[in-house]
Trainee: 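First the structure, which I've put down as structure tokens, then a few questions once you've had a look.
The residues of the chain are indexed from 1 along the displayed sequence. On a predicted model such as this, the values are computed, not experimentally measured, just so you know. Side chains are part of it too, since the values below use all heavy atoms of this structure and drop only hydrogens, waters and symmetry mates.
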Amino acid sequence: MCIKLKLLIMRNIYLSAFVLLVYTNHLYANEPSELGFLYKQVIDAPKNKSYNYAISKVIEVKDKYKGDLQSQFAINQPLTTLYSYVGQYEKVISFPTDDPLITEDLIESLFPISAVNKIQKMSNETQIVMINEAHHIAL
């Protein structure tokens with residue numbers, strides 16, 4: 001599978017994830033403070049060195065919304081960020097499903113390139129170049 005196709009697949013996955021996040025507004029409406037609580041766990045965990053505590057609190061909220069896929073998706077964002085803090089990358093890369101998005105075969109087929117050269121090349125081929133990062137995947 002060529003790199004362009006892999007990048008297109010990953011872009012579509014992240015675009016789908018973004019669209020799902022936009023449509024999770026009912027989580028905010030049900031309990032507005034709950035989502036703030038989840039992100040507070042992400043922010044406070046490094047300060048307080050309370051990673052396991054923060055993960056357990058987010059999982060408690062997640063358990064309240066079992067069966068509600070949209071809420072689960074919104075809750076997984078801070079949960080996977082916390083998992084990335086403690087090196088639980090297998091859990092992180094499977095977000096938003098339980099199936100890994102990044103497989104061993106994909107990783108083995110990748111090779112390093114110059115980011116500067118790639119960005120320059122892309123900017124010559126298109127009108128807009130957007131650079132993004134997955135906050136929860138530190139790989």
Side-chain angles (χ1 to χ4, degrees):
M1 187 184 296
C2 74
I3 294 290
K4 282 188 178 185
L5 183 57
K6 290 176 192 172
L7 291 173
L8 181 64
I9 290 169
M10 292 302 291
R11 187 202 78 182
N12 288 339
I13 289 169
Y14 285 111
L15 183 59
S16 299
F18 174 72
V19 169
L20 282 172
L21 278 174
V22 169
Y23 289 102
T24 57
N25 60 2
H26 73 284
L27 176 64
Y28 314 118
N30 287 344
E31 295 186 46
S33 64
E34 201 147 51
L35 195 61
F37 168 79
L38 298 176
Y39 283 98
K40 186 167 179 9
Q41 298 304 313
V42 173
I43 293 165
D44 289 348
K47 287 189 236 172
N48 303 330
K49 298 193 178 7
S50 59
Y51 301 104
N52 291 333
Y53 173 81
I55 289 169
S56 69
K57 289 299 177 186
V58 175
I59 289 172
E60 283 177 23
V61 172
K62 184 175 177 166
D63 288 344
K64 284 175 50 178
Y65 291 93
K66 269 195 166 72
D68 181 349
L69 293 179
Q70 287 183 335
S71 294
Q72 290 284 312
F73 192 87
I75 295 165
N76 275 342
Q77 189 82 37
L79 182 59
T80 54
T81 300
L82 288 166
Y83 281 143
S84 75
Y85 289 172
V86 296
Q88 294 289 324
Y89 297 118
E90 289 179 14
K91 292 180 180 179
V92 172
I93 63 175
S94 64
F95 172 74
T97 69
D98 289 331
D99 300 321
L101 299 176
I102 302 171
T103 63
E104 298 253 346
D105 291 339
L106 175 62
I107 291 171
E108 288 175 9
S109 69
L110 298 176
F111 54 91
I113 62 170
S114 166
V116 172
N117 292 343
K118 181 64 175 179
I119 293 167
Q120 286 175 337
K121 183 179 178 202
M122 289 174 69
S123 66
N124 290 332
E125 297 171 358
T126 187
Q127 293 181 352
I128 298 173
V129 176
M130 299 179 81
I131 301 171
N132 191 14
E133 62 178 298
H135 297 284
H136 63 288
I137 301 178
L139 300 176

Trainee: Sort out for me which residue in N76, V58, I55 forms a side chain to side chain contact (heavy atoms under 4.5 Å, CB included) with Y83.
Mentor: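 In the set N76, V58, I55, the residue that makes a side chain to side chain contact (heavy atoms under 4.5 Å, CB included) with Y83 is I55.
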Trainee: What pair of heavy atoms forms the shortest contact from P46 to Y51, and how long is it?
Mentor: CA-OH, 3.3 Å
Trainee: How close do Y89 and S84 get, counting heavy atoms only, and between which atoms?
Mentor: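 Minimum heavy-atom contact is OH-O, 3.8 Å.
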Trainee: Within a strict 4.5 Å, meaning less than it, do heavy atoms of the Q88 and L82 side chains meet?
Mentor: no
Trainee: Give, for atom OH of Y85 and atom OG1 of T80, the distance between the pair rounded to the nearest 0.5 Å.
Mentor: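 Going from the OH atom of Y85 to the OG1 atom of T80 covers 10.0 Å.
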Trainee: Could you state whether Y53 and F37 fall into the same hydrophobic cluster, counting links through intermediate Ile, Leu, Val, Met, Phe, Trp or Tyr residues with side-chain heavy atoms under 4.5 angstrom apart?
Mentor: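 Cluster IDs for Y53 and F37 differ.
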Trainee: Out of curiosity, does V86 fall in the hydrophobic cluster containing L38 (side-chain heavy atoms, cut-off under 4.5 Å, transitive links)?
Mentor: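 They do share one cluster, since a chain of ILVMFWY contacts under 4.5 Å joins L38 to V86.
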Trainee: Would you say I43 and L79 are hydrophobically clustered, going by side-chain heavy atoms of ILVMFWY under 4.5 Å?
Mentor: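 I43 and L79: separate clusters.
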Trainee: Using the side-chain hydrogen bond (donor to acceptor under 3.5 Å, both in side chains) rule, collect all pairs that involve residues 121-131, keeping only residues at least two apart or in two chains.
Mentor: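 Passing the test, one end in residues 121-131: no pairs.
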Trainee: Measuring from Q41:CD to N48:CG, what's the distance to the nearest 0.5 Å?
Mentor: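 Interatomic distance, Q41 CD to N48 CG, rounded to 0.5 Å: 9.0 Å.
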